[in-house]
There are 2 protein chains.
Amino acid sequence: MGVIDKVAPARTGRSKAAAGDVRAELPLDQIVMGDCIAAMKALPAKSVDMIFADPPYNLQLGGELFRPDGSHVDAVTDDWDKFDSLKHYDAFTRAWLAEAHRILKDDGTIWVIGSYHNIFRVGVAVQDLGYWILNDIVWRKANPMPNFRGTRFTNAHETLIWASKGEKAKYTFNYRSMKTLNDEIQMRSDWEFPICGGQERLKKGGHKVHPTQKPEALLYRVLLACTKPGDVVLDPFFGTGTTGAVAKRLGRHWIGIEREPGYCAAAIERIEAALPLDESALATMQSPRSQPKVAFGVLVENMYLVPGAVLTDAKRRWTATVRADGSLSSPCGASGSIHKLGATLQGAPACNGWSFWHYEAEGALKPIDALRQTYLLATQP
Amino acid sequence: MGVIDKVAPARTGRSKAAAGDVRAELPLDQIVMGDCIAAMKALPAKSVDMIFADPPYNLQLGGELFRPDGSHVDAVTDDWDKFDSLKHYDAFTRAWLAEAHRILKDDGTIWVIGSYHNIFRVGVAVQDLGYWILNDIVWRKANPMPNFRGTRFTNAHETLIWASKGEKAKYTFNYRSMKTLNDEIQMRSDWEFPICGGQERLKKGGHKVHPTQKPEALLYRVLLACTKPGDVVLDPFFGTGTTGAVAKRLGRHWIGIEREPGYCAAAIERIEAALPLDESALATMQSPRSQPKVAFGVLVENMYLVPGAVLTDAKRRWTATVRADGSLSSPCGASGSIHKLGATLQGAPACNGWSFWHYEAEGALKPIDALRQTYLLATQP
DNA sequence: GCCGCTGATGAATCTAACA
DNA sequence: CTGTTAGATTCATCAGCGG
């Protein structure tokens, strides 16, 4: 881990790099010190699994302006008006978002956080560049700064945009982990966290090191939701390295880009002190989608259910008989797979046979999915 | 009150209309039936105090969607929500927002509601047209529709933009009213309301009249915050007249623009039936501060418990290890949420994990509920 | 009348693997 | 490329009904 000035330029002459090759070119677990867009240009295409970005949005607040390359503009001498500054902020936003699109793997996703000052411009750029928005997420601040002058509503939230590379693109979403994290209820699009303070807030000489340090809890949820252990996360506006610290804790690789040497130094010190969780703690609830599939017929072959056994739905409205090949037949003459027959009998477009069909055990009805779980426990190492 | 087809064209030849003159040209407490932009063009400049707009969201839905129980989701498939492209949507948005800017008094404000499908495009148009954003407001839905396929976060909120006519423009904000409405705490930028249902939801022949009817409580807060009695509120996408009904109850004048005759008829009937709120009804609209819920995962995210920590029941019969997503894993191989694993290990149908699981502190066992209480004390005002 | 159970429903960009 | 099949997936609220 460390700070580097420049990424080794990508070798040329390759018709198509293998995935391993691309990864070898990445400055894993390092900070690239320098201009955000220039540093991004040096990274290989389709190489990172997620990008988390907390771009500057102090434009118009302190009268600060940025050129498309992110460099600072002296507003007094340049005499720009508000519309010039919006235009240039848009150009800057599109430039780094376009590089991000190139660097992302096809099944990667991007997260961008902002406030009403900039998030609308970011959102339009995201859509115009072909990304496909999956959710907008609201970070509700448990303890926001009040509006001291009583002129507006307390500005008590920030907005995050989560997007895939395109409408049809695949992406990682650890649905079960999110549901578990939220006491077995689907995770919603509004998240409550305290603002970053206390021990977590980096300070030097009694002053905060970075004006907009994000809470680690926020990054924890983002990374847990949309990456897998070992994935690579890029943060092009690294600041004091919240993304890196959480990534290290969660067993993910990180790459930071940051212009200010002072922030880089604080980030390095902080990430070195972060302790990775051990492997058993990193295990998370798996979606049935990622578990090995068990065909219903396998349960019949292994005598978990005998051909001729009678199944019923939970309310005993229908019955069906198990046949030797793992299909079901109904007294009405219909037959098919557990899913198809369930759908046919209900007149529904689809049906999950595993939860629809039940068998009788000890006087109670149990879904046949319980048999599948028993089978999995008995056969999986 | 009634429906009219056309606004009388504004008289010309006046160098400058007095405020009273302009108001005389307004179709107060009436619905203008027709195209939104054409109808707006017929309204005089600088004549209304507030505009509330609920434009089409341009949802771009794919195929049919079914719930896990097989029932069909009645989605928004109306023609009025379909646009050829984002470019067309942007042109439409800029056209009506530009007219709105002309119609607004210099000290008036505009509110626009949307979702992530359209709100970023609306926000950019608002900024580009010279409006000055004062807040973005999040409507947190108490009872949103779940994500039935488990592919994203539950889309549980919508966003409103509140803007004045320009950076230096004056505007009305009833700070005291908002603070009173919120138990003497500054009103925040995130508001919780249930979606519109029950008796309030307009129905005809058992079916909803409008697919996206907004809750009156939402409009109530908007109008109470930013208008004074007697002010004029324009709603260019009137639908079934929620804005009109609430304006009438609060003693504000309203103007609606709506293209569909069916919606106009329903709105007229509804607004005629609207009565000023009595005190008890008012009380129900002031949402009491709800008891905050804390998920176990939140304690993990915020490091009240570290992944890898070992929990036990009060009699130390079972142990479990905390994992990164807030699930627990038992040495026997079972895993799940704090509630589920507690139930599994005891062979019970259910279990309150908060009182069942304990952690060791200062040599004694304490229920993890103690950590939850600590967290609540630290984060609640 | 109250309690509990059942069914319906809401602005939704809602699958993945294989033949 | 298309078509088919397996199989994964829901929370809060309200109306209606029966005990």
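Reminder, nothing fancy here: chain letters follow the sequence lines and each chain counts from 1. Just so you know, these numbers come straight off a predicted model, no measurement behind them.
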For a quick test of reading the model: is some side-chain N or O of Gln199(B) closer than 4.0 Å to OP1 or OP2 of dA15(D)? yes
With sugar-phosphate meaning primed atoms plus P, OP1 and OP2, does Thr212(B) contact a base, only sugar-phosphate, or nothing at under 4.0 Å between heavy atoms? base
Could you check, using the six-membered ring where one of them is a Trp, whether Trp162(A) and Phe173(A) have ring centers closer than 6.0 angstrom? yes
Checking all strands, does Asn135(A) fall into the base, sugar-phosphate, or nothing category for heavy-atom contacts under 4.0 angstrom? nothing
Using atom P of each nucleotide, how far apart are dA8(D) and dA12(C) to the nearest Å? 26 Å
Trp354(A) six-ring centre to Arg372(A) NZ/CZ under 6.0 Å and within 45° of normal: yes
Please work out if Leu134(A) contacts a base, only the sugar-phosphate, or nothing of the nucleic acid, heavy-atom cut-off 4.0 Å. nothing
Indicate whether OP1 or OP2 belonging to dG7(D) is found under 4.0 Å from a side-chain N or O atom of His339(A). yes
What contact category does Ala142(B) fall into here, base, sugar-phosphate, or nothing, at under 4.0 angstrom with non-hydrogen atoms? sugar-phosphate
For dT15(C) and Thr151(B) - does any side-chain N or O of the residue sit under 4.0 Å from the phosphate oxygens OP1/OP2? no
Heavy atoms only, 4.0 Å cut-off, all strands: where does Thr154(B) land among base, sugar-phosphate and nothing? nothing
Which is true for Glu167(A) with a 4.0 Å heavy-atom rule: it touches a base, it touches only sugar-phosphate, or it touches nothing? nothing
What about Phe83(B) and Phe92(B), are their ring centers closer than 6.0 Å? yes
Which part of the nucleic acid, if any, lies within contact of Trp132(A), taking any heavy atom under 4.0 Å across all strands shown: a base, the sugar-phosphate backbone alone, or nothing? base
Presence of salt bridge, Asp74(B) and Lys208(B), under 4.0 angstrom: yes
Are a donor atom and an acceptor atom from the side chains of Ser115(B) and His117(B) found within less than 3.5 Å of each other? yes
Students often get this wrong, so: under 4.0 angstrom with heavy atoms, is Lys179(A) touching a base, only sugar-phosphate, or nothing? sugar-phosphate
Under-4.0 Å side-chain N/O to phosphate OP1/OP2 contact, Arg372(A) with dA8(D): yes
Between Glu158(B) and Ile137(B), is there a side-chain heavy-atom distance shorter than 4.5 Å? no
Indicate whether OP1 or OP2 belonging to dT10(D) is found under 4.0 Å from a side-chain N or O atom of Tyr175(A). yes
Please list, for nucleotides 16-19 of chain C, all pairs of protein and nucleotide N/O atoms separated by less than 3.5 Å.
residue: dA17(C); atom: OP2; partner: Lys170(A); partner atom: NZ; Å: 3.3

I want to check a possible cation-pi pair here: Arg140(A) against Trp191(A), using under 6.0 Å from ring centre and within 45° of the ring axis as the test. no
The answer to which of Lys141(B) and Asn147(B) contacts DNA chain C further toward the 5' end, by nearest nucleotide, is Lys141(B)
Between Ala283(A) and Asp325(B), which heavy-atom pair has the shortest distance, and what is it? O-OD1, 4.4 Å
Heavy-atom closest pair, residues Ala53(B) and Phe237(B): CB-CD1, 4.0 Å
For dA11(C), which nucleotide is its Watson-Crick or G-U wobble mate, given both distances must be under 3.5 Å? none
NA contact type, Gly114(B), heavy-atom cut-off 4.0 Å: base, sugar-phosphate, or nothing? nothing
Distances for protein N/O vs nucleotides 5-10 of chain C N/O pairs under 3.5 angstrom?
residue: dG7(C); atom: OP2; partner: Lys315(A); partner atom: NZ; Å: 2.8
residue: dG10(C); atom: OP2; partner: Lys208(B); partner atom: NZ; Å: 2.8
residue: dG10(C); atom: O5'; partner: Lys208(B); partner atom: NZ; Å: 3.1
residue: dG10(C); atom: N7; partner: Arg67(B); partner atom: NH2; Å: 2.5
residue: dG10(C); atom: O6; partner: Arg67(B); partner atom: NE; Å: 3.0
residue: dG10(C); atom: N2; partner: Asn143(B); partner atom: O; Å: 3.4
residue: dG10(C); atom: N2; partner: Pro144(B); partner atom: O; Å: 3.2

Base orientation of dT13(D), chi within 90° of 0 counted as syn, else anti, reads anti
Would you indicate what Phe66(B) reaches in the nucleic acid, counting non-hydrogen atoms under 4.0 angstrom: base, sugar-phosphate, or nothing? nothing
So, are Asp190(A) and Lys141(B) salt-bridged, with charged N and O less than 4.0 Å apart? no
Return the nucleotide paired to dA8(D): Watson-Crick means purine N1 to pyrimidine N3 with N6-O4 or O6-N4, wobble means G-U with N1-O2 and O6-N3, both under 3.5 Å. none
Hey, does Pro215(B) reach any base, or is it just sugar-phosphate, or nothing, if we go heavy atoms under 4.0 Å? nothing
For dA11(C) and dG7(D), measure between their P atoms and round to the nearest Å. 34 Å
How is Asn155(B) classified with respect to the nucleic acid when contacts are heavy atoms under 4.0 Å: base, sugar-phosphate, or nothing? sugar-phosphate
What pair of heavy atoms forms the shortest contact from Ala245(B) to Ala274(B), and how long is it? O-CB, 4.1 Å
